[in-house]
Amino acid sequence: MTQENATPFDSEGDAFRDECGVFGIFGKTDAAAVVTLGLHALQHRGQEAAGIVSYDNGQFSIERHIGLIGDTFTKQSVLNRLPGSRSIGHTRYSTTGGEGLRNVQPFFAEFAGGGFAISHNGNITNALTKQRELQKRGAIFSSTSDTETLLHLIAMSEHEHFVEKFIDAITQLEGAFSLVGLTGKKMVGARDPLGIRPLVLGDLDGAYILASETCALDIIGARFVRDIKPGEVIVITEKGIKSHFPYGETKGRFCIFEYVYFARPDSTIEGQNVYEARKRIGQELAKENPVDVDMVVPVPDSGTPAAIGFAQEAGVPFDLGIIRNHYVGRTFIQPTASIRNMGVKLKHNANRSAIEGKRVVLVDDSIVRGTTSQKIVQMVRDAGAAEVHMRIASPPTTASCFYGVDTPETSKLLASRMSIEDMKDFIRVDSLAFVSIDGLYRAVNQPGRNNQCPQFCDACFTGEYPTELTDRDGTDATRTLSLLANNG
């Protein structure tokens, strides 16, 4: 995460960045309009840019724009340029940089057998190594995205049929990927063998849908069919669906932080409703770290479900002691130093009438650098709170993510360089506590973390990465994974 990519209200990158969202539909009139609605529902996964590809009568059409879905793709003139009954889309946040239209997905390429478009959520952790190999074979890259690597691997595959080429390509990749692709005859989807990132299958009046989350199905009235399995390649044609399992039987390691923060609360992922999981995290947090207070206050909006669960378990009133301004966008311009120094107040304001004279516990989803938490605590104190405590609905974040989430370098994560007591003093709260890793696992219906065989990817908390990190651990130590531009 860089200062240039930080929003004006996240205090020099003091927030986890959402990833990216993918959506595709096969066999529906005005498919691009349906994709636009699906991407609206997935806007939380990326607000930087979006793209849609459609197919109609032998012709692919492509629209890619910087900005929000509602600002770009709701114009009828844009949708008119995307005819057809087959379409895929992508909403993007570049998890490490690479801003600009050339990195906006879906990517498209003309192969010998026809055109192909691809959308990707995740991070390919050996992309740099593969790119260098491909360049030696004559490949020329037109973007700085790890996703483009997949296109070149498909193009250079010696297999005869497209699905075989696609499988040949993805089995050379490491890391996390949920993919939705489109050819003239089929739509394909795939998850990495650990299923780190989500991907679901839906049905809308006989038209099949692939999407990052179930909330994208809800917005169009589609029926949830199932999650795509870890390591599954699903191929959708006019004849129906066929699945391939090139990795054999695999044991998933789904990203546990999807339940904490990334997924939308109204989505159901891997059989669990995200909102209910977040409430259970709050309940575990209250059991493990009780505090004598007058009220529970969420840090909106991501801390709200956990705060509700905390209040229910603790038997303490829940109240909106902080009000969020929903109209502070990514493009807000800060013309003067005095405006910049307002920082958090552009997004949050303390509700003085609710918290004055009260002992308050703030519940938030995570602490990254700690500077935003520090400012929120001071804001609540300035509004007259008698005591300010903080409870965090995830374990301390001590390691960077290399699987499609933009996190600061490990050295800039507050928990990687401070004890909880030191963090408490830095944030200036009366007490600070985090849910334990076992408490987090219990909240998502596991008895606890099995250290021999964890059920989730929890590397940001434990530093135990479930895949190879070739580009970070390879011979070129100066070019780390975090320097490779990714499209989330």
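Below, all heavy atoms of this structure are taken into account, side chains as well, without hydrogens, waters or symmetry copies.
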- Task: Give a yes or no on whether the backbone of Val53 and the side-chain of Ser87 come within a donor-acceptor separation of less than 3.5 Å.
- Result: yes
- Message: Closer than 3.5 angstrom, by distance alone: can the side chain of Thr91 be matched with the main-chain N or O of Gly21 as a donor-acceptor pair?
- Response: no
- Could you label the plane-to-plane angle of the Phe456 and Tyr441 rings as parallel, tilted or perpendicular, counting under 30° as parallel and over 60° as perpendicular? perpendicular
- Message: Is the ring pair Phe73/His65 parallel, tilted or perpendicular, if the boundaries are 30 and 60 degrees?
- Response: perpendicular
- Query: Any side-chain heavy atom of Thr467 within less than 4.5 Å of one from Asp192?
  - Reply: no
- Is there a side-chain contact between Tyr208 and Asp203 (heavy atoms, below 4.5 Å)? yes
- Query: With a 4.5 Å limit on heavy-atom distance, are the side chains of Glu258 and Arg197 in contact?
  - Reply: yes
- Asp146 (side chain) donor-acceptor with Asn123 (main chain) under 3.5 angstrom: no
- Enter the distance from Cys255:SG to Ile196:CD1 here, rounded to the nearest 0.5 Å. 8.0 Å
- Could you tell me whether Arg92 and Glu48 have a side-chain N and a carboxylate O separated by less than 4.0 Å? yes
- So, Gln374 side chain and Phe426 main chain: donor-acceptor pair closer than 3.5 Å or not? yes
- Task: State whether the side chain of Ser145 and the backbone N or O of Asn103 hold a donor-acceptor pair below 3.5 Å, judged by distance alone.
- Result: no
- Query: If you measure from SG on Cys401 to CG on Asp458, what distance do you get to the nearest 0.5 Å?
  - Reply: 11.5 Å
- Note on the structure: When rounded to the nearest 0.5 Å, the distance separating NE2 of His40 from CG of Leu68 is 9.0 Å
- Message: Within this structure, what is the CZ-CD1 distance for the pair Arg191 and Ile228, rounded to the nearest 0.5 Å?
- Response: 8.0 Å
- Query: Would you say Asn273's side chain and Glu276's backbone share a donor-acceptor pair under 3.5 angstrom?
  - Reply: yes
- Is any side-chain N of the basic residue among Lys130 and Glu148 closer than 4.0 Å to the acidic one's carboxylate O? no
- Query: Near Asp30 CG, under 6.0 Å, is it more than 12 heavy atoms from other residues, nucleotides or ligands?
  - Reply: no
- Message: Rounded to the nearest 0.5 Å, what separates atom CD1 in Ile88 from atom CG in Leu39?
- Response: 10.0 Å
- Query: Is the shortest heavy-atom distance from the side chain of Phe23 to the side chain of Ile52 under 4.5 Å?
  - Reply: no
- Item | Residues Ile281, Leu440; criterion side-chain contact (heavy atoms from CB on, under 4.5 Å); working and verdict | CA-CA 6 Å; Ile281 295 171; Leu440 179 57; 3.6 Å; yes
- Approximate separation, where rounding is to 0.5 Å, of Leu201 CG and Leu210 CG: 6.0 Å
- Item | Side chain Arg280, main chain Ala443, donor-acceptor under 3.5 Å | yes
- Item | CG (Asn450) with more than 12 external heavy atoms under 6.0 Å | yes
- Item | Salt-bridge present (Arg442, Glu284; N to O < 4.0 Å) | yes
- Under the 3.5 angstrom rule, does the side chain of Arg278 hit a backbone N or O of Tyr259 as a donor-acceptor pair? yes
With a 3.5 Å cut-off and sequence neighbours excluded, list the donor-acceptor pairs that the side chains of residues 153-164 form with protein atoms.
residue	atom	partner	partner atom	Å
Ser157	OG	His159	N	3.3
Ser157	OG	Asp168	OD2	2.8
Glu164	OE1	His161	N	3.3

- Message: Has Thr304 got a side-chain atom pairing as donor or acceptor with Pro300's backbone, closer than 3.5 angstrom?
- Response: no
- Message: Under a plain distance cut-off of 3.5 Å, with no hydrogens placed, do Ser119 and Gln105 share a side-chain donor-acceptor pair?
- Response: no
- Indicate yes or no: at least one non-hydrogen side-chain atom of Asp364 is less than 4.5 angstrom from one of Ile392. yes
- Please examine the side chains of Phe107 and His120, heavy atoms only from C-beta on, and report whether any two atoms are closer than 4.5 Å. no
- Query: Do the non-hydrogen side-chain atoms of Arg449 and Thr462 ever get within less than 4.5 Å of each other?
  - Reply: yes
- Query: So, the side chain of Ser400 versus the backbone of Thr410: is there a donor-acceptor pair under 3.5 Å, distance only?
  - Reply: yes
- Task: Could you check if a side-chain atom of Leu469 sits within less than 4.5 angstrom of a side-chain atom of Tyr403, using non-hydrogen atoms only?
- Result: yes
- Message: Hydrogens and angles aside, do Asp471 and Thr125 bring a side-chain donor and acceptor to less than 3.5 Å of each other?
- Response: no
- Task: Identify whether the distance between the nearest side-chain nitrogen and carboxylate oxygen of Glu464 and Arg253 falls below 4.0 Å.
- Result: no
